[in-house]
Enquirer: 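Below you'll find the structure I mean.
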Number of protein chains: 2
Amino acid sequence: MEELFDYFEQFQKLSEIEKEAIRTICSIKKVDKSSLIEEIGSTSKTIYFIKSGLVRIYYYKDGIEVTEFFALSGNLVARVQSLLTQKPSAKAIHMLEAGTVIAINATKFFKLFDTFPTIERLYRMMLEVAYLEVVERLQSIQFHSAKERYAALMNNHELIQKVPLKFIASYLGITQVSLSRIRANHSKTNPLNPQ
Amino acid sequence: MEELFDYFEQFQKLSEIEKEAIRTICSIKKVDKSSLIEEIGSTSKTIYFIKSGLVRIYYYKDGIEVTEFFALSGNLVARVQSLLTQKPSAKAIHMLEAGTVIAINATKFFKLFDTFPTIERLYRMMLEVAYLEVVERLQSIQFHSAKERYAALMNNHELIQKVPLKFIASYLGITQVSLSRIRANHSKTNPLNPQ
DNA sequence: GGAATCCTTTAACAAATGATAAATTATAGA
DNA sequence: TCTATAATTTATCATTTGTTAAAGGATTCC
């Protein structure tokens with residue numbers, strides 16, 4: 001659990017009482033490679049912290065699988081839309097690598113806000129950062145070419161090395177064929193970059 | 001000020017004391033058509049509620065003006081990235097139509113959180129909705145063609161009627177020429193729609 | 001180790017969008 | 001109202017990305 005609190009305390013210092021309140025609504029789970037920790041159609045009631053492993057969120061658009069999000073270990077992942085609206089989610093959370101997650105009961109977590117304003121503040125601050133990240137990504141996708149987006153993602157070495165290309169393509173908003181073409185061109189002009 | 005509280009109370013009921021605390025950090029401003037209520041380069045310290053008028057946020061990408069956001073009367077507008085990071089903003093807030101805005105001192109507003117957890121909750125809930133809206137927009141831009149995005153925007157009649165097309169093009173992530181082409185095609189197949 | 005399956009690349013062509021320039025239409029000010 | 005300016009459309013060509021199909025590599029599982 002300590003990794004989770006280290007993560008939280010990047011945003012907001014917590015008292016021992018607050019930490020204990022959070023501990024009681026968490027459980028630790030081992031998850032196999034390729035398993036789904038949340039399935040399409042269910043309503044989300046959980047926020048996950050990735051202790052180890054690699055995760056993606058995906059959904060289907062016109063019958064084609066689309067990867068929306070990746071999370072490396074040391075980060076949170078949740079199907080936020082479903083969590084906030086309490087409607088069934090069109091998305092699934094998929095383990096790309098086996099690992100361990102901390103499952104936070106979101107319903108109970110939200111209830112803690114009434115007793116511990118500091119926990120609501122923590123959540124608020126994480127939400128602010130998440131908001132800024134989506135705005136960044138929106139701008140990247142709206143005003144950069146696929147080639148530029150791929151070049152930017154190349155800087156995230158861990159992701160590029162661990163994630164199959166077919167998942168990266170839809171994350172970048174392009175087809176797999178198009179990504180292959182970009183990579184072929186890219187390594188012509190940048191022979192030192194990974195193939 | 002009452003419109004502002006009506007807006008807030010869609011999210012969170014406020015006590016008279018809380019409202020009074022908010023009133024003391026607000027001021028009402030009349031703004032001319034075409035004026036900038038916030039200029040590029042300044043650091044944002046204000047959240048605006050549009051009592052009347054029409055507003056956009058824009059910035060420059062590679063020397064080309066890009067419209068990021070429109071706000072109709074009855075909504076909030078802020079340069080959120082600058083507000084949250086307290087760094088100078090690359091964006092400006094531009095009145096497309098004359099009107100009246102309520103300027104909320106954001107620094108003081110954030111300070112109210114320590115005294116009034118309800119106000120922090122109000123802010124948190126507005127942030128949640130804003131987050132969901134950006135995620136929606138990201139998906140729309142990532143997985144719909146320019147034609148589809150234009151068709152969707154057509155349903156927002158007020159915006160389409162009041163906003164010059166040159167501002168709409170970059171909002172949709174396309175050039176003005178491309179928007180013209182889409183419109184020409186669109187009215188061929190939909191002769192009843194506005195030209 | 002071999003067969004089956006999955007992942008990635010390549011090729012050829014189609015469709016969408018960008019860039020530039022010019023023509024047309026609308027708007028605002030004198 | 002007339003003129004200057006701004007906004008929008010149209011035309012042409014270049015570039016990017018999508019679509020489909022096939023081939024080549026890699027991986028998994030028996």
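Chain naming here is simple, since letters A, B, ... match the order of the sequence lines and numbering starts at 1 in each. Note that this is a predicted model, so its numbers are computed, not measured.
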Enquirer: Using a strict threshold of under 4.0 Å (side-chain N to carboxylate O), is an ion pair present between B/E3 and B/K51?
Expert: yes

Enquirer: Could you give the CG-to-P distance, from B/N185 to D/dA11, as a whole number of Å?
Expert: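 Atom-to-atom, B/N185 to D/dA11, this comes out as 12 Å.
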
Enquirer: Taking B/T175's backbone N and O only, do any of them form a donor-acceptor pair with B/S178's side chain (distance below 3.5 Å, no angle check)?
Expert: no

Enquirer: Separation of B/L165 atom CG from C/dT25 atom P, in whole Å?
Expert: 16 Å

Enquirer: Taking atom P of D/dT20 as reference, at what distance in whole Å does atom CD1 of A/I64 sit?
Expert: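 Interatomic distance, CD1 of A/I64 to P of D/dT20: 9 Å.
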
Enquirer: With a 3.5 Å distance limit and no angle check, can you tell me whether B/T85 reaches the backbone of B/Q81 through a side-chain donor-acceptor pair?
Expert: yes

Enquirer: Report each atom pair, protein N/O against N/O of nucleotides 12-18 of chain C, whose distance is under 3.5 angstrom.
Expert:
| residue | atom | partner | partner atom | Å |
| --- | --- | --- | --- | --- |
| C/dT17 | OP1 | B/A146 | N | 3.0 |
| C/dG18 | OP2 | B/T175 | N | 3.3 |
| C/dG18 | OP2 | B/T175 | OG1 | 3.4 |
| C/dG18 | OP2 | B/S178 | OG | 3.2 |
| C/dG18 | N7 | B/R181 | NH2 | 2.9 |
| C/dG18 | O6 | B/R181 | NH1 | 3.1 |

Enquirer: What is the distance, rounded to the nearest whole Å, between atom CZ of B/R183 and atom C1' of D/dT8?
Expert: 8 Å

Enquirer: For the pair made of CG in A/L172 and C1' in D/dG18, what is the distance, rounded to whole Å?
Expert: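 From A/L172 CG to D/dG18 C1': 15 Å.
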
Enquirer: Any chain of hydrophobic side-chain contacts (each under 4.5 Å) joining B/F167 to B/Y60?
Expert: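 No, B/F167 and B/Y60 fall in different hydrophobic clusters.
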
Enquirer: Would you call B/R124 and A/E128 a salt bridge, taking side-chain N to carboxylate O under 4.0 Å as the test?
Expert: no

Enquirer: Check the distance between C/dT5's P and A/K166's NZ and give it to me in whole angstrom.
Expert: 15 Å

Enquirer: Determine yes or no for a side-chain-to-main-chain donor-acceptor pair under 3.5 angstrom, with B/S170 supplying the side chain and B/T67 the backbone.
Expert: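 Yes.
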
